[in-house]
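The block underneath contains the structure these notes are about, expressed in C-alpha cells.
Each chain gets a letter, A, B and so on, in the order the sequences are listed, and its residues count up from 1.
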2 protein chains.
Amino acid sequence: MRESQEYDKYAHEPFAVTVDLAVFTIRDGALHVLLVERGQEPYAGQWALPGGFVLPDESAESAAQRELAEETGLADVSGLHLEQVRTYSDPGRDPRMRVVSVAFAALVPDLPEARAGGDAAGAAWLPYGPAAYRPLAFDHDRILGDAYDRIRAKLEYTGLATAFCPPEFTLGELRQVYEAVWGAELDPANFRRKVVGTAGLVEAIPGAARLTGGRGKPAALFRAGTATALHPPLLRPTPEGPSS
Amino acid sequence: MRESQEYDKYAHEPFAVTVDLAVFTIRDGALHVLLVERGQEPYAGQWALPGGFVLPDESAESAAQRELAEETGLADVSGLHLEQVRTYSDPGRDPRMRVVSVAFAALVPDLPEARAGGDAAGAAWLPYGPAAYRPLAFDHDRILGDAYDRIRAKLEYTGLATAFCPPEFTLGELRQVYEAVWGAELDPANFRRKVVGTAGLVEAIPGAARLTGGRGKPAALFRAGTATALHPPLLRPTPEGPSS
DNA sequence: TCTCTTTATGGTCCTGTTGACTATAAAGAG
DNA sequence: CTCTTTATAGTCAACAGGACCATAAAGAGA
C-alpha cells in the first residue's frame with residue numbers, strides 16, 4: 001500500500017477474500033449456531049459456517065449482511081447485530097487456493113427455520129458446544145470458538161444481550177440469554193436489581209406485561225436501552241478464579 | 001469459498017491484502033504512536049501508519065511481525081504484544097486499487113529511536129491525540145482510533161499494561177502506563193492494593209528495588225504475571241457515566 | 001374450588017471491593 | 001538539616017453484589 005512498484009509486484013497475486021458468519025440465537029433456552037452442510041469437496045458432508053466471497057464492489061460488512069440475509073431468509077437484516085470478529089489468513093487454511101476470510105458474529109432472535117443457501121446442501125440451527133457436528137470444515141472450529149468468546153465477553157460489559165431478544169421482552173427472557181451464553185444460573189432477583197439499576201441497559205414499557213413461560217406471574221415488558229457500554233460491567237459468576 | 005465455479009468467477013479479482021500497524025509506547029509519561037511520513041502520492045507528505053503487503057506465503061500475523069521488526073529496528077519482536085484489531089475493506093479506501101487491510105495494535109516498551117522503513121520518507125514517535133499530524137493518510141485516523149479504543153479497554157480486564165514495561169518494573173512505572181493510556185490520575189496506594197491483590201497480574205522480585213523518578217523512596221521491582229484475564233477488572237475512573 | 005407449583009418482584013443481610021484520606025519510610029535537592 | 005518527592009501501610013465509609021426470604025400472581029391438577 002506504499003509504493004507504486006510494490007503494486008506492480010503484488011497486486012495480482014491470487015488473493016481471494018471471503019466472509020464467514022457465526023450466527024447465534026437462543027432456542028429452547030440454549031445457545032444455537034447456524035451451520036450449513038457442505039455439498040462439495042473439500043470437506044464434503046461436513047458442517048461449516050455460512051459464508052461467501054466479498055464481491056469487487058462491496059466491503060466485508062456488506063458481504064456479511066448479504067450472506068446473513070441469504071442464510072436466515074430475512075428481507076431486512078439491518079436491525080440485527082453483526083460485528084467483525086477477526087480475520088483468518090493462514091496460507092494453508094483452504095487447500096484449493098489463497099483465501100483470506102473476515103469472520104463475523106451475528107446475533108438474532110429466535111427465528112422460525114433455517115434455509116439452505118444456494119451453495120449448501122443443508123442448513124440447520126445446532127446447539128453450540130462440543131457436539132456431534134464437530135469438527136467443522138476448514139478452520140471453522142477456531143473461528144466459531146473465537147466468535148463465541150467474543151460474545152460471551154461482550155455480554156459482560158455491553159448491552160449486547162438484548163440483540164438476542166425480540167423488540168419487547170421480559171427480564172426473564174433476558175436472563176435466559178445470559179444463562180444460555182454463559183452456561184450458568186443467575187439469581188432472578190439479583191439480576192433484576194442489576195439490570196434495572198444500570199442506566200440505559202433496558203427501558204420499561206409502562207403497564208405492559210406478558211407471561212414468560214406459560215406459568216407464573218406475568219412479567220413486565222422492557223425494550224433495549226441506548227447504552228452500549230456498561231459501567232460497572234455485569235460480571236459472570238467465577239469464570240476461572242476470583243482474586244482471593 | 002464454497003463452490004468450484006465461484007472460484008473460477010472471483011479468484012483473480014485484483015484484491016491486495018495489506019497489514020497496517022498502530023505501534024504504541026509510553027514516552028515521558030505520555031502515550032506515543034509510531035508514524036511514517038509518506039514519500040509518494042497519494043497522500044504524499046502526510047503521516048500514515050506503518051504497514052505493507054501480505055506476501056503470498058505468509059499470514060497477516062507474519063506480515064505484521066515482519067513490518068514491526070522493520071519499523072522498530074528490533075531483531076526479535078516475538079516478545080512484543082501484537083494483536084489483530086480488525087479488517088478494513090471499504091472499496092474506496094485506497095484510490096489506486098482494491099486493498100483489504102488487516103490492522104494490528106502493537107505495544108512496546110520505550111525504544112531508543114524510530115527508524116524510517118525502506119518505503120517511507122521518515123518515521124517518528126508522535127504523541128497520541130488530536131495533534132498536528134492529523135489527518136493521517138487513507139482511513140488511518142479511524143484505524144488508529146479503533147486500535148486505541150481496543151488497548152484502552154483491554155487495560156481494564158487484562159494484564160496488558162505490562163507489555164508497555166521493561167521486564168522488571170516498579171508499580172509506579174506500571175501506574176504511569178494506565179495514567180498515560182487512560183488520561184486520568186490514579187491513587188498510588190489504591191492502585192498498589194489492587195494490583196498486588198489481583199492474583200497473577202504481577203510477581204514481586206524479592207529484595208530488588210530501584211528509584212523510579214530519580215527522587216523518593218526506592219520502589220520494589222516486579223515482573224509481569226501469568227494472568228491474562230483480570231477478575232474483577234481494574235476499572236478506569238468514570239469513563240462516560242456511572243450507573244447512579 | 002382449593003392447593004401446589006411456577007415465575008416475578010421487592011426487600012434484607014452480610015461481605016468484599018474501592019475511593020478518599022492519613023501516616024510513615026526513604027530517597028535526593030537545596 | 002529541612003523540604004520535597006515517591007513508596008507503602010493502614011483506616012474508614014460507601015457501595016455493589018451474592019445469598020436468601022417473603023409476597024404476588026398466574027396456571028395445573030386434585
Could you give the side-chain donor-acceptor pairs of residues 128-137 of chain A under 3.5 Å, partners two or more places apart or in another chain?
from, atom 1, to, atom 2, distance (Å)
A:Tyr133, OH, A:Pro127, O, 2.8
A:Arg134, NE, A:Gly129, O, 3.1
A:Arg134, NH1, A:Asp141, OD1, 2.8
A:Arg134, NH2, A:Gly129, O, 3.3

**Asked** Under a 4.0 Å heavy-atom cut-off, which of residues 173-183 of chain B touch DNA chain D?
**Response** B:Arg175
**Complete:** Atom CZ of B:Phe191 and atom C1' of C:dT17 are separated, to the nearest Å, by 16 Å
**Request:** Classify the side-chain pair A:Tyr88/A:Asp20 by whether it contains a donor and acceptor separated by less than 3.5 Å.
**Result:** no
**Prompt:** Sequence neighbours excluded, which residues qualify as salt bridge (charged side-chain N to carboxylate O under 4.0 Å, His left out) partners of A:Arg150?
**Reply:** A:Glu83
**Prompt:** How long is the line joining CZ of B:Arg210 and P of D:dT8, in whole Å?
**Reply:** 12 Å
**Message:** Each nucleotide in nucleotides 20-30 of chain C should get exactly one letter: B, S or -. Can you fill that in based on protein heavy atoms under 4.0 Å?
**Reply:** BB---BBBSS-
**Request:** Provide, to the nearest angstrom, the distance between the NE2 atom belonging to A:His231 and the P atom belonging to D:dG17.
**Result:** 13 Å
**Message:** Could you check whether any side-chain N or O of B:His140 sits under 3.5 Å from a backbone N or O of B:Leu49, counting only pairs where one atom can act as donor and the other as acceptor?
**Reply:** yes
**Request:** May I have the distance from B:Lys194 (atom NZ) to D:dA16 (atom C1'), rounded to whole angstrom?
**Result:** 13 Å
**Asked** Over how many whole Å does the gap from B:Glu185 atom CD to D:dT5 atom P extend?
**Response** 13 Å
**Item:** Each stem that DNA chain C is part of, given as range with range (3 or more consecutive Watson-Crick or G-U pairs, under 3.5 Å)
**Value:** C:1-30 with D:1-30
**Item:** Side chains of A:Val33 and A:Val23 in contact at under 4.5 Å (non-hydrogen atoms)
**Value:** no
**Message:** Check this one for me: any side-chain N or O of A:Arg192 less than 4.0 Å away from OP1 or OP2 of C:dA8?
**Reply:** no
**Prompt:** Does any residue of residues 160-172 of chain A have a heavy atom under 4.0 Å from DNA chain C, and if so, which ones, in number order?
**Reply:** A:Gly172
